[in-house]
Amino acid sequence: MTSNSTASIQHEIYQVVALIPRGKVATYGQIAALAGFPRHARLVGYALNRQLAPDSELPWHRVINAQGRLSLHKLDMNAENLQRFKLEQEGIQFVNDRIDLKQYRWQP
DNA sequence: TTAGTGACGTCCC
DNA sequence: AGGGACGCCACTA
């Protein structure tokens, strides 16, 4: 690992993401704040990138950006298609490639 | 060490 | 509405 502090941060991020219920979504910034690291939205992306595996227990697909859009295409367009598929399977509706956060945002 | 980068967010126009 | 300019901060070369 590059540093043990980031390892613990990642651990906190995973714990929060694991709490997102089926059929709901959260933003990167929301996850960072809930994990106790405000303004670290980008770190959430880095952390999830390491968990990007088909057999991952983590509901990484329920994390989207503050615009209600998917951001994964910059890295892996194929993975983004999977993310959208998983979300739609949970009953989340896309309107013009966008999710209505007022309706679907997770509120702990 | 420094500079560039990025699964982001907010502000401004 | 939607796009651009910054701000942010860990990571990488």
Side-chain angles (χ1 to χ4, degrees):
Chain A
M1 65 184 73
T2 56
S3 82
N4 46 30
S5 63
T6 46
S8 71
I9 291 175
Q10 287 182 27
H11 180 69
E12 296 298 321
I13 289 174
Y14 294 153
Q15 289 217 332
V16 175
V17 171
L19 297 178
I20 308 174
R22 180 183 173 85
K24 291 290 181 181
V25 296
T27 67
Y28 296 96
Q30 183 181 357
I31 295 300
L34 287 173
F37 305 96
R39 296 183 299 287
H40 284 66
R42 304 192 104 137
L43 191 57
V44 175
Y46 283 117
L48 291 183
N49 190 20
R50 300 222 165 77
Q51 275 295 308
L52 184 53
D55 58 343
S56 174
E57 304 281 330
L58 207 67
W60 56 267
H61 58 283
R62 296 182 187 142
V63 184
I64 65 177
N65 66 30
Q67 321 306 315
R69 298 170 154 281
L70 308 185
S71 297
L72 192 47
H73 60 93
K74 295 170 184 170
L75 230 69
D76 188 338
M77 181 64 82
N78 206 11
E80 173 159 312
N81 290 334
L82 175 63
Q83 180 178 17
R84 174 163 178 156
F85 176 76
K86 285 178 167 240
L87 290 174
E88 287 177 333
Q89 266 198 331
E90 299 185 356
I92 294 177
Q93 301 282 339
F94 283 75
V95 181
N96 293 106
D97 297 326
R98 215 170 299 144
I99 292 175
D100 182 10
L101 282 173
K102 295 201 188 320
Q103 181 178 358
Y104 294 109
R105 184 197 286 269
W106 172 46
Q107 282 153 2

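Throughout, protein chains are lettered first and strands after them, A, B, ... in sequence-line order, and every chain is numbered starting at 1.
- Closest heavy-atom contact between A26(A) and I31(A): CB-CD1, 3.8 Å.
- A salt bridge links R62(A) to E90(A): at least one charged side-chain nitrogen sits closer than 4.0 Å to a carboxylate oxygen.
- Every side chain to side chain donor-acceptor pair (under 3.5 Å) that Q30(A) has, sequence neighbours left out, goes to R105(A).
- Between R39(A) atom CZ and dC8(C) atom P the separation is 9 Å, expressed in whole Å.
- Side-chain atoms of N65(A) come within 3.5 Å of backbone N or O of G68(A) as a donor-acceptor pair.
- No donor-acceptor distance shorter than 3.5 angstrom exists from the side chain of N96(A) to the backbone of R98(A), with no hydrogens or angles considered.
- Remark: E80(A) does not engage R84(A) in a salt bridge, criterion side-chain N to carboxylate O under 4.0 Å.
- Within residues 97-108 of chain A, the residues having any heavy atom under 4.0 Å from DNA chain C are, by residue number, R98(A).
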Protein heavy-atom contacts under 4.0 Å, written 5' to 3' over nucleotides 7-13 of chain B as B (base), S (sugar-phosphate only) or - (none), form the string BBSB---
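- Atom CD1 of residue I99(A) and atom OH of residue Y104(A) lie 8.5 Å apart, to the nearest 0.5 angstrom.
- Clustering ILVMFWY residues whenever any of their side-chain heavy atoms sit less than 4.5 angstrom apart, transitively, puts L72(A) in the very cluster that holds Y14(A).
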